[in-house]
Amino acid sequence: MNTIIQRFNKIKSNITSIKPIRPVNIVAVSKTFALNHIQPLIDYGHKHFGENKVQEAFSKWSELKNSNNSLNLHMVGKLQSNKAKKAVEIFDYIHSLDNQKLADILSKEEQNLGKKLKYFIQVNIGNELQKSGVQAQELDNFYNYCIKEKNLNVIGLMVIPPNDNNTNKYFKILDELNNSLSLKELSMGMSADYYEAIKNNATFVRIGSLIFGNRG
Ligand SMILES: *Cc1c(COP(=O)(O)O)cnc(C)c1O
């Protein structure tokens with residue numbers, strides 16, 4: 001069997017062994033990998049894939065998505081507002097909704113295209129300058145803006161925790177914030193920490209290198 005499929009199935013069985021309360025979706029993050037490397041997992045029937053650049057997503061996934069409308073493409077990286085229009089065309093989920101200007105444009109483009117996406121609001125839980133995301137104290141306001149003023153379908157929160165050995169603590173805080181907004185989905189956990197994320201009720205884990213190997 002193909003190595004990628006083996007790794008993928010190993011992750012799936014690890015997840016099952018955690019006995020998560022809610023179903024967990026694996027977003028296979030295929031950024032930087034060429035389509036021929038990803039193809040075995042598509043052929044295997046997996047439906048959720050993640051990219052972090054709009055242009056790369058277009059060149060890799062346009063044709064496939066046209067011929068297979070059950071594929072779901074996730075934008076996991078920082079989304080610049082000048083790329084938002086294109087993002088609405090190609091993506092089904094955006095994990096990095098984090099400012100009003102972006103919400104404004106996404107909402108407008110959804111109307112223009114007659115398309116609704118699913119969104120995660122990215123939270124900058126460590127208030128790190130170099131990281132995107134809204135700060136926890138701005139979350140209520142921004143969430144209300146997105147759903148009430150902009151009619152965006154926000155399904156959960158997303159986090160990339162600070163790299164400081166307190167990952168579990170950050171995941172717990174995100175789970176609490178998610179509950180405080182009664183959101184159903186929670187996007188957290190990558191190759192190195194998806195176990196901990198799922199133990200803290202993540203429902204979408206974003207896994208790249210553990211499936212596809214190291215990025216060059
Ligand atoms: C690249 C990326 C991932 C996947 O990272 P791995 O460590 O390879 O699993 C997950 N989330 C985001 C936002 C990413 O940019």
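Just so it is clear, the structure is predicted and the values come from calculations on it, not from any experiment. Sequential numbering from 1 along the given sequence is applied to the chain's residues. Counting starts at 1 for both ligands and their atoms, following the listed order.
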Q. Please, which pairs that meet ring pair (Phe, Tyr, Trp, His ring centres under 6.0 Å) have at least one residue in residues 157-188, sequence neighbours excluded?
A. none
Q: Would you please name every residue forming a side chain to side chain contact (heavy atoms under 4.5 Å, CB included) with A87, sequence neighbours left out?
A: V54, L79, F91, I94
Q. Of all residues at least two apart in sequence or in a different chain, which pass the side chain to side chain contact (heavy atoms under 4.5 Å, CB included) check with N151?
A. K116
Write none if no such pair exists; otherwise list each N/O atom of ligand 1 with its protein N/O partner under 3.5 Å and the distance.
| from | atom 1 | to | atom 2 | distance (Å) |
| --- | --- | --- | --- | --- |
| ligand 1 | 8 (O) | S209 | N | 2.8 |
| ligand 1 | 8 (O) | S209 | OG | 2.9 |
| ligand 1 | 8 (O) | R215 | NH1 | 2.8 |
| ligand 1 | 8 (O) | R215 | NH2 | 3.2 |
| ligand 1 | 9 (O) | S191 | N | 3.0 |
| ligand 1 | 9 (O) | S191 | OG | 2.5 |
| ligand 1 | 9 (O) | G208 | N | 2.8 |
| ligand 1 | 11 (N) | R206 | NE | 2.9 |
| ligand 1 | 15 (O) | K31 | NZ | 2.7 |

Q.
Which heavy atom of I160 sits nearest to which heavy atom of Q122, and what is that distance?
A. CD1-NE2, 3.8 Å
Q. Can we call the ring centroids of F8 and H46 under 6.0 Å apart?
A. yes
Q: Output yes when E56 and K31 qualify as a salt bridge under the 4.0 Å nitrogen-oxygen rule, no when they do not.
A: no
